[in-house]
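Here is how names work: the chains are called A, B, and so on, in the same order as the sequence lines, proteins then strands, and each is numbered from 1.
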2 protein chains.
Amino acid sequence: MTGKNLVGPEADALDLGAVFRALADEHRRSVLTQLAADRSDNERGCNSFALPISKQTQTHHFRVLREAGLIDEIDYGNRKGIRLRRADIEKRFPGLLALLGAEPPGDTAPR
Amino acid sequence: MTGKNLVGPEADALDLGAVFRALADEHRRSVLTQLAADRSDNERGCNSFALPISKQTQTHHFRVLREAGLIDEIDYGNRKGIRLRRADIEKRFPGLLALLGAEPPGDTAPR
DNA sequence: ACCAAGGTACGAAAAATTTCGTACCTCAGT
DNA sequence: ACTGAGGTACGAAATTTTTCGTACCTTGGT
C-alpha cells in the first residue's frame, strides 16, 4: 500500500535555526547521521534506528525532524517509513550532511 | 594591554553536538553569523553585536560559544574581545560557516 | 471478530535552557 | 580616591524541551 506523506516545509523554506535546533539533540542527530550514511536513501522503518527511548518519545523526535524539513514520514497506518530529504537539504544547506558523516555514527555520548 | 585568552576546547576536540546546541539559539547564531560575515576576522568588542538581551545573559551566551569552541574570548579586565575561531572550525567542520553566511544576517525572527 | 504490533494524542513530570536581579570585580579617566 | 563603564558570579524565575503514562487508533493475521 502506498502511504500518505506527512507534511513538512517546502525545500526553499527550510530554516537554519530549526535545522540546528533539530540537530542539537543527540537522538535526532543519531537518526540523521544514520540516514546520511546510506547513500542509496532507502526508506527505513522507524524502529531501525535503535533509539534507547520510548515509542512516544520517538514519535516526538521524528516529528521535530519532519517539521525541520530534514525527513519525510510516510504513514502506512500501523507503521511508518522514514526517508532523508537529501536533495532538498543539499540544495538549501550544501555540506550539512557531510558534517554529520564526519562524526562516528555510534558515538551517542550523553550530553 | 594584552589580555588573557579564556579557555576553550582544542581544535580537534570540537564536538558537533556542542556546536549544534550552540547554534540552536537565535542570539548565538546571530553572533556567529556576524562574525562569519567579516572575512578579515578582526577582534570585536562584545557590545558590537546589538543583542537585545541583558549583559548577564550575554555573558552566558558568549560562554556557550566559547565552550563549544566557536569563539575566543580575550579578557582585558574591564572589557572583552571576541574572535571567531575560523581556521579551527573550517578544519574540523568544513562548510559550516558558509551555511551561516547563506542566511540573511539581520534575520533574527522569534523562534 | 479478535488480538497483537506499531504508532499517535494528550497531559503531566522531569530536566535543561534562557533570562535577569542583586552584588561584586576590574580598569580607565578624572 | 572616586566614579562610571564593562563584565562576572550566584541564584532564582520563566520558558522550553525531553520524557513517558494512559488511552486510543490502524492494520495484518488468525
Side-chain angles (χ1 to χ4, degrees), chain A residues 1-8 15-32 43-68 70-83 108-111, chain B residues 1-8 15-32 43-68 70-83 108-111:
Chain A
M1 282 308 133
T2 72
K4 70 162 179 285
N5 215 322
L6 300 179
V7 300
D15 175 68
L16 190 57
V19 168
F20 281 144
R21 282 194 295 279
L23 296 178
D25 180 84
E26 177 196 350
H27 303 308
R28 292 193 294 260
R29 200 165 55 254
S30 170
V31 168
L32 254 285
E43 183 178 319
R44 294 179 55 166
C46 43
N47 282 343
S48 67
F49 296 97
L51 298 177
I53 48 181
S54 71
K55 57 182 185 174
Q56 304 97 309
T57 303
Q58 293 191 32
T59 295
H60 162 69
H61 285 309
F62 284 119
R63 175 195 294 265
V64 172
L65 287 172
R66 169 170 55 82
E67 291 181 347
L70 295 171
I71 63 170
D72 281 324
E73 293 183 286
I74 302 97
D75 181 8
Y76 296 101
N78 67 340
R79 70 196 165 83
K80 199 168 59 176
I82 302 294
R83 202 167 34 210
T108 48
R111 38 196 302 195
Chain B
M1 282 308 136
T2 72
K4 71 162 180 286
N5 215 320
L6 300 179
V7 299
D15 175 67
L16 190 57
V19 168
F20 281 144
R21 282 195 295 279
L23 296 178
D25 181 84
E26 177 196 351
H27 303 309
R28 292 193 294 260
R29 201 166 54 254
S30 170
V31 168
L32 254 285
E43 182 178 319
R44 294 179 54 167
C46 43
N47 282 342
S48 67
F49 296 96
L51 298 177
I53 49 181
S54 70
K55 57 183 186 174
Q56 303 97 310
T57 303
Q58 293 191 30
T59 294
H60 163 69
H61 286 307
F62 284 119
R63 175 195 294 266
V64 172
L65 287 172
R66 169 169 54 83
E67 291 181 346
L70 294 171
I71 63 170
D72 282 325
E73 293 183 286
I74 301 97
D75 182 9
Y76 296 102
N78 68 338
R79 69 195 165 84
K80 198 168 61 177
I82 302 294
R83 202 165 36 210
T108 47
R111 38 195 301 197

Atom pair CG/NZ of B:Asn47 and B:Lys80 - distance to nearest 0.5 Å: 9.5 Å
Phosphate contact (D:dC20 OP1 or OP2) by A:Ser54 side-chain N/O below 4.0 Å: yes
Touch class at under 4.0 angstrom, heavy-atom based, for A:His27 against every strand present: sugar-phosphate
Rounded interatomic separation in angstrom, taking CG from A:Asp75 and P from D:dC25: 15 Å
Under-4.0 Å side-chain N/O to phosphate OP1/OP2 contact, B:His61 with C:dT17: no
Restricting both atoms to N or O, compile the protein contacts to nucleotides 9-13 of chain D shorter than 3.5 Å, with distance only.
residue : atom : partner : partner atom : Å
D:dA9   : OP2  : B:Arg63 : NH2          : 2.8

Listed nucleotide nearest any side-chain atom of A:Ile53, set C:dT17, C:dT19, D:dT19: D:dT19
Protein-nucleotide distance (A:His60, atom NE2; C:dA12, atom P), rounded to Å: 18 Å
Nearest-0.5 Å distance that lies between atom CD1 in A:Ile82 and atom CG in A:Leu70: 11.5 Å
Value in whole Å for how far the C1' atom of D:dT18 lies from CZ of A:Phe62: 15 Å
N/O contacts under 3.5 Å, protein versus nucleotides 4-6 of chain D?
residue : atom : partner : partner atom : Å
D:dG6   : O4'  : B:Asn78 : O            : 3.3

Atom-to-atom span, CZ of B:Phe20 to C1' of C:dA16 - whole angstrom: 20 Å
B:Lys4 NZ - D:dT8 P separation (whole Å): 11 Å
Pairs flagged by salt bridge (Lys or Arg N to Asp or Glu O under 4.0 Å) wherever residues 43-62 of chain A is involved - sequence neighbours left out: A:Glu43-A:Arg83
Non-hydrogen atoms of A:Leu51 and A:Gln58 that approach each other most closely: O-NE2, 3.7 Å
Spacing between B:Glu67 atom CD and C:dT18 atom C1', to the nearest angstrom: 15 Å
DNA chain D: 5'-proximal contact among A:Val64 and B:Gln58 (nearest heavy atom): B:Gln58
Side chain proximity check, B:Asp25 to B:Val64, heavy atoms < 4.5 angstrom: no
